[in-house]
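This report refers to the structure that appears directly beneath it.
Values in this document were obtained by computation on a predicted structure and should not be read as measured data. Numbers here are sequence positions counted from 1.
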Amino acid sequence: VQLQASGGGLVQAGGSLRLSCAASGSIFSINDMGWYRQPPGKQRELVARVTGGGNTNYADSVKDRFTISRDNAKNTVSLQMNSLKPEDTAVYYCNALIASPRSPYNHRSYWGQGTQVTVSS
């Protein structure tokens with residue numbers, strides 16, 4: 001199983017970016033999918049998560065600016081980021097809880113490779 005993230009880049013404050021992440025490989029089912037970020041010199045933190053049923057939760061710092069969505073048919077999760085601020089600068093990682101056909105009730109945590117988001121002031 002692999003998670004492939006894309007969509008990072010450099011943007012000015014107030015701008016927008018969209019991150020996407022696709023899961024591939026031997027997948028039976030996917031529970032939660034989400035995005036985390038790690039700012040320079042800080043620990044990784046939750047940005048947003050979405051359950052298999054579509055329930056979402058967000059970090060307070062991104063509420064009303066970021067929107068997470070998923071496409072269960074394509075095994076993808078996206079993060080639309082609007083009104084970006086310099087403090088949103090970080091490496092963003094996608095995460096998913098995935099079960100394989102060989103172990104259909106055991107969901108393991110998988111991480112994407114990280115994509116850099118830089119917001120200039």
> Any donor-acceptor pair under 3.5 Å linking the side chain of Thr115 with the backbone of Ser6?
Replying inline: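 Not at all, since once roles are kept as given, no pair shorter than 3.5 Å links the two residues.
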> Is a side-chain N or O of Ser103 found less than 3.5 angstrom from the main chain of Ser100, in a donor-acceptor match?
Replying inline: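 Not a single qualifying donor-acceptor pair exists.
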> Passes side chain to side chain donor-acceptor pair (under 3.5 Å), Arg108 versus Asn106? Steps please.
Replying inline: CA-CA 6 Å; Arg108 293 179 54 191; Asn106 179 25; over 6 Å; no
Answer with yes or no whether the side chains of [Y] and [X] bring together a donor and an acceptor at under 3.5 Å.
X: Thr118; Y: Gln116; result: yes
X: Thr76; Y: Asp71; result: no
X: Asn31; Y: Thr51; result: no

Output the distance between atom [atom1] ([X]) and atom [atom2] ([Y]), rounded to the nearest 0.5 Å.
X: Ile98; Y: Ile30; atom1: CD1; atom2: CD1; value: 4.5 Å
X: Gln113; Y: Cys94; atom1: CD; atom2: SG; value: 7.0 Å
X: Arg70; Y: Thr56; atom1: CZ; atom2: OG1; value: 11.5 Å
X: Arg65; Y: Ser83; atom1: CZ; atom2: OG; value: 7.0 Å
X: Gln38; Y: Tyr92; atom1: CD; atom2: OH; value: 12.0 Å
X: Asn82; Y: Phe66; atom1: CG; atom2: CZ; value: 8.5 Å

Cluster link [X] to [Y], ILVMFWY, side chain under 4.5 Å:
X: Val50; Y: Tyr58; result: yes
X: Val47; Y: Tyr110; result: yes
X: Tyr36; Y: Leu97; result: no
X: Val91; Y: Val119; result: no

>> Filter on salt bridge (charged side-chain N to carboxylate O under 4.0 Å, His left out), then keep only pairs touching residues 21-37, sequence neighbours left out; what's left?
In response: Asp32-Arg49, Arg37-Glu45, Arg37-Asp88
Looking at [X] and [Y], what are the two nearest heavy atoms and their distance?
X: Trp35; Y: Ala5; answer: CH2-CB, 4.2 Å
X: Leu3; Y: Ala96; answer: CD1-N, 3.8 Å
X: Pro104; Y: Ser29; answer: O-OG, 4.2 Å
X: Ser109; Y: Asn95; answer: OG-ND2, 2.8 Å
X: Ala59; Y: Leu46; answer: CB-O, 3.4 Å
X: Gly34; Y: Ile68; answer: CA-CD1, 4.0 Å

> Stepwise, does the side chain to side chain donor-acceptor pair (under 3.5 Å) test hold for Ser24 with Asn75?
Replying inline: CA-CA 8 Å; Ser24 62; Asn75 292 334; over 6 Å; no
> Please walk me through it: do Arg18 and Ser69 pass side-chain contact (heavy atoms from CB on, under 4.5 Å)?
Replying inline: CA-CA 11 Å; Arg18 184 176 180 86; Ser69 60; 3.9 Å; yes
> Any side-chain heavy atom of Leu17 within less than 4.5 Å of one from Val117?
Replying inline: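 They are in side-chain contact.
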> Would you say Ser16 and Gln80 make side-chain contact, with heavy atoms under 4.5 Å?
Replying inline: yes
> For the residue pair Trp111 and Tyr93, does the interplanar ring angle fall in the parallel (under 30°), tilted (30 to 60°) or perpendicular (over 60°) class?
Replying inline: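 Perpendicular.
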